Amino acid sequence: MKAGRPITEEDFQAYVDHALDEQRRAEVEEYLSTRPDAARRVAAYTAQGEALRAALAPTAEEPVPDRLNLARLIEARQRRQARSWQSGPWRNIAAAVALVLVGGAGGWSMHGMTVGKASMNPENMLTQEAMDNYRVYAADAVRPVEMHAGEQEQLLRWVSQRLDRKVAVPDLSASGYRFMGGRLVATAHGPGAMFFYDDSSGNRIAMLVRPMKHDGDAPMTEHQKDEVGGVTWCNRGMGYSLVADASAQALHPLADEARRQLRTKI
């Protein structure tokens, strides 16, 4: 590849989002063709995006509600302008309100991502992020993690730096689960760390860790979505969500042990 501007993580994200110009896209594709690890990571990003789009597809196909119909909004705006709001400041306020409403109509196709997320509490959002990433990476038979168990020290140093918080991993071997390694993952709230474990039968569980917006604690809550269960909690501003292809009730003892250990390590 010709020397030029380095290929960065931002280029990978833009590549997945089809946001690169033809020249830069070709440079990224040439880079990926000689670096299998990076190519697998980009493929995982693409799979994750497709999974999210599939999950949001039913909402995106919903008709625009009558209250957000563009013609109705314009008509309402015209009626407001015809009223007795004659002074400059009042007229500007009316125009601003109408503009916001029209923008809301144009963005209705995204309401499942924005309004839906706004209605979720922080722990529910963390659980959803953990489940989404688990579905992408747990099924990867070749490279579910970026750094393996033998690189645990380097892994923890790396993710702690990226999350700007000290990160630790619990030892679940007494419960029959071997630490496999971990990776950085993308969430709606910035980078997160996902650690994987497996048992003697090859069953995998994962724990997503990321900073929360609040610095306090939150009690454990159980979550279930189809076949994936999760147990989520917060400790001193760090959020944890343990997920697997199992019931949340079955995961709860493992989550209890993980929380107990993490309280002594961090």
Side-chain angles (χ1 to χ4, degrees), residues 6 8-14 16-17 37-38 40-42 44-45 47-49 51-52 117 120-138 140 143-172 177 179-197 204-221 223 230-244 251 254-255 257-266:
T8 66
E9 188 70 20
E10 287 73 18
D11 289 312
F12 293 156
Q13 297 291 345
V16 171
D17 294 337
D37 287 352
R40 282 192 290 269
R41 190 160 76 253
V42 170
Y45 292 158
Q48 182 180 16
L52 289 172
K117 284 188 175 180
M120 295 174 69
N121 67 40
E123 290 71 39
N124 287 346
M125 295 182 73
L126 175 63
T127 303
Q128 187 62 57
E129 292 164 353
M131 289 180 172
D132 289 341
N133 278 288
Y134 174 81
R135 287 188 175 98
V136 172
Y137 296 114
D140 190 334
R143 196 179 177 88
V145 299
E146 290 182 272
M147 300 183 72
H148 294 275
E151 305 169 288
Q152 181 172 329
E153 184 177 342
Q154 301 96 305
L155 170 64
L156 293 179
R157 187 165 54 246
W158 175 43
V159 298
S160 294
Q161 181 180 15
R162 290 300 306 273
L163 272 61
D164 196 26
R165 296 284 295 272
K166 181 181 178 181
V167 178
V169 293
D171 180 0
L172 300 179
Y177 283 89
F179 179 61
M180 299 173 61
R183 60 166 58 245
L184 278 175
V185 296
T187 78
H189 301 84
M194 178 161 267
F195 303 116
F196 279 87
Y197 301 79
R204 292 176 177 176
I205 63 174
M207 185 176 71
L208 176 65
V209 183
R210 70 161 171 81
M212 305 295 283
K213 289 186 176 180
H214 57 80
D215 292 329
D217 299 344
M220 284 187 166
T221 53
H223 305 265
V231 181
T232 299
W233 72 97
C234 300
N235 183 39
R236 288 184 286 183
M238 285 293 283
Y240 303 90
S241 187
L242 190 71
V243 294
L251 285 174
L254 288 171
E257 175 60 19
R259 181 175 63 173
R260 184 190 67 77
Q261 292 186 30
L262 290 168
R263 282 176 169 171
T264 65
K265 292 183 177 184
I266 298 179

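Just so you know, residue 1 is the first one in the sequence shown, and it goes up from there. Everything numeric in this text was worked out from a predicted model, so none of it was measured.
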Only counting residues at least two apart or in another chain, list the ones meeting side chain to side chain contact (heavy atoms under 4.5 Å, CB included) with [X].
X	value
Ala138	Tyr134, Phe196
Asp37	Arg40, Arg143
Glu257	Leu172, Arg260, Gln261

Residue pair [X] / [Y]: nearest heavy atoms and the distance that separates them:
X	Y	result
Cys234	Gly216	CB-O, 4.1 Å
Met207	Pro170	CE-CD, 3.5 Å
Ile205	Ala244	CG2-CB, 3.4 Å
Asp140	Arg204	O-NH1, 2.9 Å
Val231	Ala255	CG1-CB, 3.6 Å
Met194	Ala130	CE-O, 3.5 Å

Exercise for the section: Applying salt bridge (charged side-chain N to carboxylate O under 4.0 Å, His left out), name anything that partners Asp164, two or more places apart in sequence or on another chain. Expected result: none

Exercise for the section: Mind checking salt bridge (charged side-chain N to carboxylate O under 4.0 Å, His left out) for Arg157 and listing every partner two or more places apart, or none if nothing turns up? Expected result: Glu153

If you round to the nearest 0.5 Å, how far is [atom2] of [Y] from [atom1] of [X]?
X	Y	atom1	atom2	value
Glu123	Ser241	CD	OG	10.0 Å
Leu262	Trp233	CG	CH2	6.5 Å
His189	Met125	NE2	CE	3.5 Å
Asn124	His223	CG	NE2	5.0 Å
Asp217	Arg263	CG	CZ	6.5 Å
Asn235	Met212	CG	CE	12.0 Å

Handout entry: Contacts of Thr8 that satisfy side chain to side chain donor-acceptor pair (under 3.5 Å) - sequence neighbours left out
Key = Glu10, Asp11

Any side-chain heavy-atom pair of [X] and [Y] under 4.5 Å:
X	Y	result
Leu254	Tyr197	no
Arg165	Ser160	no
Val167	Leu155	no
Leu208	Val243	no

Exercise for the section: Return yes if some donor-acceptor pair links the side-chain N/O of Glu151 with the main-chain N/O of His148 below 3.5 Å, else return no. Expected result: yes

Practice task
Please confirm whether the backbone N or O of Pro144 pairs with a side-chain atom of Arg183, one donor and one acceptor, at under 3.5 Å?
Solution key: yes

Exercise for the section: Could you verify whether a donor N or O on one side chain and an acceptor N or O on the other, from Glu129 and Asn133, lie under 3.5 Å apart? Expected result: no

Handout entry: Arg41 to Phe12 six-membered ring, cation-pi geometry met (6.0 Å, 45°)
Key = no

Practice task
List the steps, then state whether side-chain contact (heavy atoms from CB on, under 4.5 Å) holds for Val145 with Phe179.
Solution key: CA-CA 11 Å; Val145 299; Phe179 179 61; over 6 Å; no

Exercise for the section: Verify the neighbour count for atom CD of Gln154: are there more than 12 heavy atoms of other residues, nucleotides or ligands below 6.0 Å? Expected result: yes

